[in-house]
Asker: 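Here it is: the structure, laid out below.
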Amino acid sequence: MNNQLKIYNTLSGKKEVFEPLVEGRVGMYVCGPTVYSDVHLGNCRTFVSFDVIYRYLLHKGYKVRYVRNITDVGHLEGDIDTGAEDKISKKARLEQLEPMEIAHKYTLGFHQMMDVFNTLSPSIEPRATGHILEQIEMVQKIVDNGFGYVINGSVYFDTVKFAEEKEVYGQLSGRKLDDLLAETRDLKKQDEKRHPSDFAIWIKADPSHLMRWNSPWSIGFPGWHLECSAMSTKYLGSTFDIHGGGGDLKFPHHENEVAQNFGACNCAPARYWMHGNMLLMNGKKMSKSDGNTITPQQLFTGESPHVTKGFTPMAIRFFMLQSHYRSTLDLTDEALKAAEKGYNRLMESYQNLMNLDAVVDSTKENQELNTKIKSLLEQVYHNLDDDFNCPRALASLFELVPVINSLSNKQLDISELNSVVLQSLKDNFRSIIFDIFGLKEEDNPGGENEVTDQLMGLILQLRQQARAEKNWSMADTIRDSLQVAGIEVKDDKDGSSWSLKK
RNA sequence: GGUCGGGUGGCCGAGCGGUUAGGCAGAGGUCUGCAAAACCUUGUACGGCGGUUCGAAUCCGCUCCCGACCUCCA
């Protein structure tokens, strides 16, 4: 599988062939959450997107160092000039807790949710508060290089000077320099900043602020944006391969990150910038702040006016996989239901596939069928190589489903299949679904156990007897009653099978 | 207001110059005691108006809607 991987780079606005800095290795930094409240679904979509990207890079054999931060200080709410407050600090004050208790609580919740969605842990998950020293050093470098200025104990990044000298400011977010500079946010008043587009890299803490560290400039705390610049540099180097995050971070967060890195080391941080698109609900961005939101928990239980029933984490993950990471995805009840069925169909087909045994009979081998299977598998990887196009890859995978089910049904003779092709189909199908897409089999609600297994075996045996005696009313009564109890019975040529209804 | 990105069949969602994307729902059929499942067949959709082209959902112009960013957000 040494096809060329192409990645859409926000910097150039084009798909580019991916060439890592160091052969065989990838350094990837993804902006993680600010842990001041429960994760919402939009976060989950972004991290699921990058999870698949991470998984596919691993699948291609890269040695990946995947760094995803936890922001637990510095993220301000409101405008700095009009009394901004750190999100964590604010929450801590409101709940009368230590800021670290807040950060810890929501970090745990975040991890649990990531686990529920079956995302792999990043290689390193650094926190902003654990890297104050690195951030102070970076501020110092920026000041030394003339791109920062100190006022009243706070340090600001000089965007005007930077823009004039470096010509990279605005490049990532596609903003025109003139527009940026012309911008007159009239929050005027006691503005410490020289220019509205300047941003704080070190903030002097007012007496009520709960998070404070000593620095050359004041007792204070680092600005938002800075933690990512400092930590990506620390763990991936001044320049690394991929930087990702949600699309809403392009500006100002990522733009400012680039500026800081340039300001500190005169080099670009990442070579490929990747941005996931927003999860919508009711056609609008899901957002904590305006209430257009549904929590993952509500989605699981169905306790929300936006859905008629609950959905399992894997059905939701599958739903996300069905759209491209760069497209918006509109969450609706109907779409979720469709995804759930599709997901179940895929998993059932996988089960069928695993139960197939090769029958070698070279006289019966069907060349066309074997070729079709091989080519569909190749298409899956081909699609993934094209900027991680999951919906297309999934489409190719789904074209294999009727083939597998026909073999399983004996509508197609298994001996038509070359045994090597069958083995490869099994191996690849499994690897694609579980290793790359990161899906997993979910336990049936209620679950089975040995006792129910035996009971059901007995019941089906009795029913089989009734059927043999053509006692259809008895057979149907049993089936209908089980149906009411939430157990589905299916008859096929070899007998009957049962499953808990999903 | 500025800057981007969209409008695809009943729904979701790919594609972005010539090919059936795919999923779900619908219709017809095969199999089956019946049912379910599965399998087969089926849909001529690309906001509107012009233009370029042998050929446009895909390129260009105009127009109408919608969304995102510009302020905290993944």
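Residue numbers start from 1 in every chain, and the chains themselves are labelled A, B, ... in the order their sequence lines are given, proteins ahead of strands.
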Asker: Can you tell me the pairing partner of B/rC49 across any strand shown, Watson-Crick or G-U wobble, with both distances under 3.5 angstrom?
Answerer: B/rG61
Asker: Please encode protein proximity along nucleotides 31-40 of chain B as a string of B, S and -, counting only heavy-atom distances under 4.0 Å.
Answerer: --BBBBSSSS
Asker: For B/rU3, which nucleotide in any strand shown is its Watson-Crick or wobble partner with both distances under 3.5 Å?
Answerer: B/rA68
Asker: Which part of the nucleic acid does A/Gly276 contact within heavy-atom distance under 4.0 Å: base, sugar-phosphate only, or nothing?
Answerer: nothing
Asker: Sticking with atom P, work out how far B/rA57 lies from B/rC49, rounded to a whole angstrom.
Answerer: 13 Å
Asker: Which atom pair, heavy atoms only, marks the closest approach of A/Met347 to A/Phe434?
Answerer: CE-CE2, 3.6 Å
Asker: Kindly state whether the ring of A/Phe110 and the ring of A/Phe47 have centres lying under 6.0 angstrom apart.
Answerer: yes
Asker: Going by ring-ring contact (aromatic ring centres under 6.0 Å, His included), name the residues that satisfy it together with A/His254, two or more places apart in sequence or in a different chain.
Answerer: A/His243, A/Trp273, A/His275
Asker: Using the P atom as the point on both nucleotides, what is the distance between B/rU52 and B/rG26, in whole Å?
Answerer: 45 Å
Asker: Is there a Watson-Crick or G-U wobble partner for B/rG22 with both distances under 3.5 Å, and which nucleotide is it?
Answerer: B/rC12
Asker: Hunt down the Watson-Crick or G-U wobble partner of B/rG17, both distances under 3.5 Å, from any strand shown, or write none.
Answerer: none
Asker: Distance between the P atoms of B/rC4 and B/rC39, in whole angstroms?
Answerer: 47 Å
Asker: Between B/rA38 and B/rC16, how far apart are the P atoms? Round to whole Å, please.
Answerer: 31 Å
Asker: Would you list the atom pairs, donor with acceptor, under 3.5 Å between side chains in residues 397-405 of chain A and any protein atom, with sequence neighbours excluded?
Answerer:
residue	atom	partner	partner atom	Å
A/Asn405	OD1	A/Ser349	OG	3.4
A/Asn405	OD1	A/Asn352	ND2	3.0

Asker: Side-chain N or O of A/Lys284 less than 4.0 angstrom from OP1 or OP2 on B/rA68?
Answerer: no
Asker: Using the C1' atom as the point on both nucleotides, what is the distance between B/rU19 and B/rC62, in whole Å?
Answerer: 31 Å
Asker: If you compare every side-chain N and O of A/Asn389 against the phosphate oxygens of B/rG15 (OP1, OP2), does one of them come in below 4.0 Å?
Answerer: yes
Asker: I want to confirm an ordering. Mapping A/Pro391 and A/Ala335 to their closest nucleotides on RNA chain B, which one lands closer to the 5' end?
Answerer: A/Ala335
Asker: Closer to the 5' end of RNA chain B via nearest nucleotide, is it A/Phe398 or A/Thr328?
Answerer: A/Thr328
Asker: Sub-3.5 Å donor-acceptor pair from the side chain of A/Ser154 to the main-chain atoms of A/Ile203, do we have one?
Answerer: no
Asker: Taking the C1' atom of each, how far is B/rG23 from B/rU8, in whole Å?
Answerer: 15 Å
Asker: Calculate, to the nearest 0.5 Å, the distance between atoms CZ and CZ belonging to A/Phe157 and A/Phe199 respectively.
Answerer: 5.0 Å
Asker: Distance between the P atoms of B/rG17 and B/rA56, in whole angstroms?
Answerer: 14 Å
Asker: Of the nucleotides B/rA74, B/rC24, B/rA14, which has the atom closest to the A/Met286 side chain?
Answerer: B/rA74
Asker: Working to the nearest 0.5 Å, report the span between NZ of A/Lys372 and CD of A/Glu368.
Answerer: 8.5 Å
Asker: Quick one: is A/Thr34 getting a side-chain N or O under 4.0 Å of the B/rC72 phosphate, OP1 or OP2?
Answerer: no
Asker: List the steps, then state whether ring pair (Phe, Tyr, Trp, His ring centres under 6.0 Å) holds for A/His75 with A/Tyr36.
Answerer: CA-CA 9 Å; A/His75 203 153; A/Tyr36 69 104; 7.0 Å; no
Asker: Quick one: the side chain of A/His40 and the base of B/rA74, do they pair up donor-acceptor inside 3.5 Å?
Answerer: yes
Asker: Under a 3.5 Å cut-off for both contacts, is B/rC39 paired Watson-Crick or G-U wobble with anything, and if yes, with which nucleotide?
Answerer: B/rG29
